[in-house]
Amino acid sequence: MIDVEDLLVRGGEGRIALLQHCVMAVRMEPVFIFLAQEYRLRPGQAGALALYDLFCAQQAPARLAAYELLPPRQQTLSAAIEGIRGQWIPERSDQPPDAADLVAALTPARNLFDVIVSGLRNDPRLAELAASYDPRLTPQENLPGGTMTAGQRQFVDGVWRPVVKPRLTAAGFWQMSTIG
């Protein structure tokens, strides 16, 4: 049994292989945990909106399977995201906005996704991955039968590569450019 979170924190080839496997297996929970940890280090509007729109929103293309943690069951995050979407900086007639005011207005809370991450840490799907993933095997060899199903292939080719990966990369999650 592996420690998924430890592997995500340690980094290196082991993290890349685990994330690659999770994308191929359409197991978004570890991917989201990793990205939320990255977001905590550098919170920003683009990152917050990308994480919410891609993994948490009701029509998210890579929606997490832990539905009880997400809208519509939990509305707190939705309200915070709508606040981020609606942010604006009031015009000052006599001078441009102060840089500190601008940063404060544009930087969402770093703990925005902590409730979801905390819930995912206790999710049985994460424990199942920890029990079944063998870091000595390749990401593909860790799939049942060693190959992707048609549905998994469709997700990687039709959702991850054209939609999720570019949006995450554009939002500053540059490490995702090597996944998928």
Side-chain angles (χ1 to χ4, degrees), residues 2 4-42 44-73 77-78 81 84-85 112-113 116-117 119-121 123-180:
I2 64 159
V4 173
E5 285 202 67
D6 180 58
L7 196 53
L8 292 174
V9 170
R10 267 191 290 144
E13 291 179 22
R15 175 172 57 204
I16 292 170
L18 177 64
L19 292 172
Q20 182 73 30
H21 168 74
C22 290
V23 168
M24 292 168 67
V26 194
R27 290 183 172 199
M28 294 295 104
E29 291 73 22
V31 175
F32 183 82
I33 289 170
F34 168 72
L35 292 169
Q37 290 168 343
E38 291 291 299
Y39 168 83
R40 265 187 142 278
L41 298 173
R42 291 177 310 283
Q45 285 183 321
L49 295 175
L51 288 178
Y52 180 81
D53 292 344
L54 296 171
F55 297 98
C56 303
Q58 289 184 39
Q59 301 302 319
R63 186 168 164 95
L64 300 171
Y67 303 115
E68 66 281 355
L69 301 172
L70 305 173
R73 293 193 177 140
L77 179 59
S78 297
I81 291 296
I84 292 167
R85 283 191 210 285
L112 194 60
F113 300 100
I116 294 174
V117 169
L120 291 176
R121 286 184 175 130
D123 191 286
R125 287 174 282 265
L126 200 59
E128 178 185 301
L129 175 63
S132 66
Y133 185 80
D134 183 348
R136 296 170 296 186
L137 301 176
T138 67
Q140 188 158 340
E141 289 171 339
N142 269 291
L143 293 171
T147 60
M148 286 194 286
T149 65
Q152 291 167 334
R153 171 71 53 207
Q154 192 283 324
F155 175 79
V156 171
D157 293 342
V159 178
W160 181 263
R161 288 182 181 149
V163 178
V164 178
K165 180 176 167 177
R167 173 102 185 260
L168 289 172
T169 304
F173 299 107
W174 59 270
Q175 293 181 56
M176 291 292 105
S177 66
T178 62
I179 307 300

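On a predicted model such as this, the values are computed, not experimentally measured, just so you know. Side chains included, hydrogens not; waters and symmetry mates left out as well; all remaining heavy atoms used.
Classification of the Phe155-Trp160 ring pair by plane angle, with boundaries at 30° and 60°, yields tilted. Ring orientation note: the planes of Tyr133 and His21 are tilted relative to one another, at an angle of 30° to 60°.
Note that the CD1 atom of Ile2 and the CG atom of Asp134 stand 8.5 Å from one another [nearest 0.5 Å]. Put simply, CD on Glu38 and CG on Leu168 are 11.5 Å apart, with the number rounded to the nearest 0.5 Å. To the nearest 0.5 Å, atom CG of residue Leu112 and atom OH of residue Tyr39 are 4.5 Å apart. Of the inter-residue distances, the one linking Gln45 atom CD with Ile81 atom CD1 reads 10.0 Å to the nearest 0.5 angstrom. Residue Leu18 holds its CG atom at 8.5 Å from CG of Asn142, rounded to the nearest 0.5 Å.
Residues Asp53 and Arg85 meet the side-chain proximity criterion, which asks for heavy atoms closer than 4.5 Å. Two residues are said to be in side-chain contact when any heavy atoms from C-beta on lie closer than 4.5 Å; Leu143 and Thr149 fail this criterion. In this structure, Leu7 and Pro30 have side chains that are not in contact, with every pair of non-hydrogen atoms separated by 4.5 Å or more. Within the 4.5 Å cutoff, the side chain of Leu35 has no heavy atoms near those of the Leu54 side chain. Counting heavy atoms from C-beta on, the side chains of Cys22 and Phe32 never come closer than 4.5 Å. Annotation: side chain of Leu120 is not in contact with side chain of Leu126 (no heavy-atom distance under 4.5 Å). Taking 4.5 Å as the limit, some side-chain heavy atom of Leu8 sits within range of a side-chain heavy atom of Leu19. Two residues are said to be in side-chain contact when any heavy atoms from C-beta on lie closer than 4.5 Å; Met176 and Ile179 meet this criterion.
Of the possible polar contacts, none joining the Gln140 side chain to the Thr147 backbone as a donor-acceptor pair under 3.5 Å is found. Side-chain N or O atoms of Arg161 include one that pairs as donor or acceptor with a backbone N or O of Gly180 at under 3.5 Å. Although no hydrogens or angles enter the test, the distance criterion places a donor-acceptor pair under 3.5 Å between the side chain of Arg125 and the main chain of Ala65. Arg63 places a side-chain N or O within 3.5 Å of a backbone atom of Cys56 that can act as its donor or acceptor partner.
Heavy-atom minimum distance, Leu70 versus Ala66: CG-O, 3.7 Å. For the pair Thr178 and Gln175, the tightest heavy-atom approach, listed with the atom from each and the gap, is OG1-O, 3.0 Å. Shown here for Ala17 and Pro139, the closest heavy-atom pair between the two residues is O-CG, 3.4 Å. What you find for Ile84 and Ala48 is that their closest heavy atoms are CD1-CB, 4.0 Å.
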Test side chain to side chain contact (heavy atoms under 4.5 Å, CB included) applied to Ile116 and Tyr52, step by step
CA-CA 11 Å; Ile116 294 174; Tyr52 180 81; over 6 Å; no
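The salt bridge (charged side-chain N to carboxylate O under 4.0 Å, His left out) test with Glu5 is passed by exactly one of Arg15, Arg10, Arg121: Arg121.
Residue Glu68 qualifies as enclosed at atom CD: its count of foreign heavy atoms under 6.0 Å is above 12.
Annotation: Phe34 is not in aromatic contact with Phe173 [ring centroid separation under 6.0 Å not met].
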